[in-house]
Student: 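Attaching a single structure in structure tokens format; questions to follow.
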Amino acid sequence: MGYQLLSEPIRKYVRDKGWGELRKIQAAAIPRIINTDNNYILASRTASGKTEAAFLPILSKVDFNERGVQVLYISPLIALINDQFFRIEDLCRNLEISVTKWHGEAKRSLKKNLLKNPNGVVLITPESIEAMFVNAPYNVSALFGNLKYIVIDEIHSFLGVDRGLQLMSLLSRIQAVNKSKITTIGLSATIGDGNYIEAKRITGDIEHTKVLLDRGKKETEATFKYFKNTSTELPLELLKDLYKETYENKVLIFPNSRGRAEEVAVKLRKISDRVHGHKHYYSHHSSVDKEIRENIEHFAKNNERFNFCISCTSTLELGIDIGTVEKIVQIDSTHSVASLVQRIGRSGRREGEKSIVNLYATDKWSLLQSLACWNLYKSGFLEPITTAKKPFDILLHQLLSIVKQLSGCSRAELIQRIATNITFQTIAATEINDLIDAFLELDYLEDIQRELLLGIEGEYIVNSREFYSVFKTEVNFKVIHSGRKIGDIPLSPQVRVDENILLAAKIWKIKDIDFKSSKIIVIPAKDGKKPTFFGNGGGIDKRIREEMLAILISEGNYAELDEKSQLVIDNMRFDFKGFSIQDCRFDCPIFEKEDHLELYTFTGTRINQSLSFLFELTGVEASLDDRSSVFSLELKRSEIPLLIKNVSKKYNQINDFLKAELEKNESLIGFSKWGSYLPLFYQVEIIKERHFDFDGAMELLNNMNIIEPRL
DNA sequence: GACCTGCTGCGGGCTG
């Protein structure tokens, strides 16, 4: 019935494609988009036809003879825009609707043509929208002043992150230059039942946003194996086993870090060379040159014949789809269930195939975490997404952008624009006023005859190339071999002349480092070390830790575990055998050692970090090992109640303590690119909300049952 | 104990 509602040229397109019937998500979306003005979130697996589900009805409905761009498609990745361009242009061909790519790597001549005659469909990134508001605000209204639809691809990648707040603000600012209401369609992978509200929020109108969900689930076959790590390098036995498990397949391997990805690719290739196996071993991550990455993607996508192994990071978790992948390998636990879901979904894409995943662990806590993620995956759990309630850092960024857009404005107008922007509705007018005062003080703004303009510092910030994005990036050196770029790596202590490094699945010797032009010149070599990258660890959700405890206090074997990993789990269970645990959320096992206590919290990273900060304030020596979620406390068992009492006292003045800590150590705000430009008071608010979880920490402390071993 | 994402305008040098 959806088909009948489409316009004739679109029906012809469907017929020409030979599509017997519409996909589930398409059948659901077409009548709703055509017959209502609601916003929709279309949620289903990749390769399930979501793009067409949005564009078939939109192209049928919209009158493209009107002046101005009619449909704006927004993507988090340039690569996705380039991919989707062909599909959307194909759809538009018979209708004579023009499709234009507008991103940093798109041709300028095509952008200029569009400006002469604004029309059709535009594919863009959030950062390019930001740049247009800052550098050519008149183009925003000329192009996007008569929009009918906005389509946001991979909308889940914007949820709960700064980039999503920036996008939300930009959408709100685009709506402000339009007379009529723009309808928004979000395309998404499944994001968990509790998280759809966050997707709806981005559209700016929760009430009129509906979710269309296709729960197409695949069967998954998992195998766990354990190889104890004795050094910083992967155990040889693991690599041999990994080779045996992968040489006959098309495989993606996820070893969790760029350095490990290189180590795996180089060592598997060495084994393969020795036994005359195939040569298709690659590494794929952000430090490998973009062109090399594209070649690998192209090979893997278009080849049916040869087997391959791509050792990668999250670069192959989203976006591009390699349909031929048969098997996924995860080395040590993912950091979230969401990530495990995405990675498992990368295999068995063909009709009738199931997903196959091999999970290796090199450490017992990693094995336990991996098993917990697998259990939660099977139960359908996904980490809850939380959006910052008071995003003062994004407010600073957008406030400067708005002042630049308007080339100055009155204070009243600036406040009005921010107050009507849906992104900042939770920030009070008094706070906005206070911040404007602070920005005048800091020379971000200046007041000339009651008109607010960018100040000297403000000009400096906004005119920087760094202004358009809200995420941080590291400083890199180009790695070059005989004029060809291999990739970009940060300057770690390991990067020295005559040292050998691994990059792009090959071994290189460093011949020269040019600090002026940030270049590292290399030649091929025989043996090397995996590169070191400076990462800043993320967090594990508390639900994963609770599941880890639940596994420890349960009995029975898992069919997915091999003999050795089952034995490791059984040994860990033996260690916790003496504890009678009723409630995995609040029961905390404690071990009394000779000169200290070991208190297991089995809770999330942010809660642990908050507890650690609070313990330190009371003067107690407490060291945290977050991987096993255990505190080592220099205390006697009888002193614990006093500790908890003291923590509650200190918590009353938490803002003062955080302020003092920030004055000592400004890197605490390092996770927020624009946060460090804020007055200290607002930095504290951001850290409290996003780095720590004091509410969670106090909830745990107030309900904590410390469980002693039975004798 | 991590990973990923994007980018203007202008001038100089080179190619067709």
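Per chain, numbering begins at 1; letters A, B, ... match sequence-line order. The figures that follow rest on heavy atoms only: side chains count, while hydrogens, waters and symmetry mates do not. If you're wondering where the values come from, they're calculated on a predicted model, not measured in any experiment.
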Student: Is there a donor in the side chain of Gln166(A) and an acceptor in the side chain of Arg163(A), or the other way round, less than 3.5 Å apart?
Tutor: no

Student: Check every strand shown and say whether Gln342(A) touches a base, only sugar-phosphate, or nothing at a heavy-atom separation below 4.0 Å.
Tutor: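 It contacts nothing in the nucleic acid.
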
Student: Between Phe533(A) (CZ) and dG1(B) (P), how many Å, whole number?
Tutor: 15 Å

Student: Would you give a per-nucleotide map of nucleotides 4-16 of chain B, 5' to 3', where B means the base has a protein non-hydrogen atom under 4.0 Å away, S means only the sugar-phosphate does, and - means neither?
Tutor: SBBBBB-------

Student: Do His335(A) and the base of dA2(B) stack face to face, with centres under 5.5 Å apart and an angle between planes under 30°?
Tutor: yes

Student: Can a salt bridge be assigned to the pair Arg545(A) and Asp626(A) using a cut-off of 4.0 Å between side-chain N and carboxylate O?
Tutor: yes

Student: Check this for me, if you would: do Asp693(A) and Lys542(A) make a salt bridge, where the nitrogen-to-carboxylate-oxygen distance has to be below 4.0 angstrom?
Tutor: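 A salt bridge is absent here (no side-chain N lies under 4.0 Å from a carboxylate O).
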
Student: Does NZ in Lys111(A) sit with more than 12 non-hydrogen atoms of other residues, nucleotides or ligands closer than 6.0 Å?
Tutor: yes

Student: With the threshold set at 4.0 Å, does a side-chain nitrogen-carboxylate oxygen contact exist between Lys404(A) and Glu130(A)?
Tutor: no

Student: Would the number of heavy atoms belonging to other residues, nucleotides or ligands and lying under 6.0 Å from CD of Glu616(A) be above 12?
Tutor: no

Student: Just the rounded figure in Å: distance from C1' of dG1(B) to CZ of Arg627(A).
Tutor: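 The answer, rounded to whole Å, is 6 Å.
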
Student: Give the rounded distance in Å between these two atoms: CG of Asp625(A) and P of dG1(B).
Tutor: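 Result: 10 Å.
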
Student: In this structure, how many angstroms lie between the P atom of dC3(B) and the CD atom of Glu262(A), rounded?
Tutor: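 Atom CD in Glu262(A) sits about 12 Å away from atom P in dC3(B).
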
